[in-house]
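Just so you know, ligand 1 is whichever comes first in the structure, and atom 1 is the first atom listed for that ligand.
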Amino acid sequence: MSKTPNKNWRPATTLVHGGTLRSQYGEMSEAIYLTQGFTYDSSEAAEARFKGENDGYIYARYGSPTNDMFEKRMCALEGAEEARATASGMAAITAALLCQLKAGDHIVAARALFGSCRWVVETLAPRYGIECTLVDGRYLENWEKAIQPNTKVFFLESPTNPTLEVIDIAGVAKLANQVGARVVVDNVFATPLFQKPLELGAHVVVYSATKHIDGQGRSLAGVILSDKEWVTEHLQDYYRHTGPAMSPFTAWTLIKGLETLPIRVKQQTENATRIAEFLADQGKIAKVIYPGRKDHPQADIIAKQMTGGSTLVAFEMKGGKEAAFKLQNALDVVTISNNLGDTRSIITHPATTTHKNLTDEARAELGISPGTVRFSAGIEDVDDLLEDFAQALAKVSA
Ligand SMILES: Cc1ncc(COP(=O)(O)O)c(C=O)c1O
């Protein structure tokens, strides 16, 4: 028995009920079908399944029931027709790009990308004859100027990691449509609740589900979402034959994660907003960047394309790396790590961790200074977080 998501359901309802496939046992919680493959009642049934003449699963690398539930729930949330679950966010991004590109094609990508994404477009893709131009994605004219006759894909993340710059997705999609290119959006920082790239004109959305979707530090996971035509024409064979499929056990953790996603993201955003307000008033901090604040440099685009602020705050310590390290080391409730979107609050120093592979110049271009710190709000009591920041800042010399 399956629970087909109702189009009129609001996200919180869809995320509890959407996509559930109940077995003959009528289990309450979704079952984990931890199987490599499937059996057939007869040779004829196997033949028909392989010919695509009857519905059903063939092999877990192609698809399986627990993954199917996760994919259907994600489709209902995102407004997509099809989804494919992958073993990590990077598997999703690599598949979403490479499945639709070939030697001689060209990508235009925003330079403010997560480090591994930059490696894929700058280092891996050229090995296969796919060229890439990186642009400052905040300005539409840069996307337009970078277009070549062979441009096939525009790739961006918004807000960006770690400096929370915002890119006008509808504007980029309009340019892409004029030249028949497709827009792939890494929507991790916005979460599926605060930004709908497909509604803004993007063609493909990717997530590291490791972040808010699991949100409890358990799973490494990703997902690709788009329309049926794109998945059938470009992704399906790539996905089936190169093998980035997610484990059904991971899919189950994500199904459970989706059930509480709205509650967690709401609390994380409230906490992030309060922490951003607090940090903005501190003399030891040079600047705070938070998409929920009126002083965000691109507040106009945020108002146009996002329905919520962010669970992340970026800020710059006046005392550079030394002050940033002192602050991080002095925090007690907040944990030093490089994940984000977790129930636990996390603090990261991008220049020495997530973005350490970039050159000093590339980091400076992205606004990542030695004093830049990224805070990912958890769901703890905000007063404990505020007290934690206050005591830690007091230990940093002015
Ligand atoms: C914006 C962004 N995209 C993609 C990824 C990669 O995801 P994963 O670690 O699940 O492969 C990350 C991970 O930090 C990220 O922050």
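Using bins of under 30°, 30° to 60° and over 60° for the plane-to-plane angle, the ring pair His17/Trp9 lands in the tilted bin.
Exactly one residue among His203, Glu229, Gln100, Arg182 makes a side chain to side chain donor-acceptor pair (under 3.5 Å) with His234. That residue is Arg182. The only option from Thr311, Thr191, Asp342 that meets the side chain to side chain donor-acceptor pair (under 3.5 Å) definition with His212 turns out to be Thr311.
Scanning all protein heavy atoms for the shortest distance to atom 16 (O) of ligand 1 gives Asn161 ND2, 3.3 Å. Nearest non-hydrogen protein atom to atom 13 (C) of ligand 1 is Lys211 NZ, 2.6 Å. The single protein non-hydrogen atom nearest to atom 2 (C) of ligand 1 is Asp186 OD2, 3.5 Å, given as residue, atom name and distance.
Under 4.0 angstrom from ligand 1, there are no non-hydrogen atoms of Ala91. Contact annotation: for Asn339 versus ligand 1, there are no heavy atoms closer than 4.0 Å.
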Working for ring-ring contact (aromatic ring centres under 6.0 Å, His included), residues Phe375 and Phe389:
CA-CA 11 Å; Phe375 170 68; Phe389 269 104; 5.2 Å; yes
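A donor-acceptor pair shorter than 3.5 Å can be found between the side chains of Arg73 and Thr20.
Distances below 4.0 Å separate heavy atoms of Ala221 from the following atoms of ligand 1: 10 (O).
Side-chain atoms of Arg49 come within 3.5 Å of backbone N or O of Tyr57 as a donor-acceptor pair. In terms of modelled atom types and a separation under 3.5 Å, the side chain of Ser88 and the main chain of Ala91 share a donor-acceptor contact.
Residue Met90 has at least one nitrogen or oxygen atom sitting less than 3.5 Å from a nitrogen or oxygen atom of ligand 1, judged on distance alone. Residue-to-ligand polar distances keep Glu157 apart from ligand 1: every N/O pair is separated by 3.5 Å or more. Taking distance alone, with nitrogen or oxygen atoms compared against 3.5 Å, Thr210 approaches ligand 1 more closely than that limit. Ligand 1 has no nitrogen or oxygen under 3.5 angstrom from a nitrogen or oxygen of Phe114.
Using a 4.0 angstrom heavy-atom cutoff, Thr160 does not count as in contact with ligand 1.
Residue-environment remark: CG (Asn54) exceeds the threshold of 12 foreign heavy atoms within 6.0 Å.
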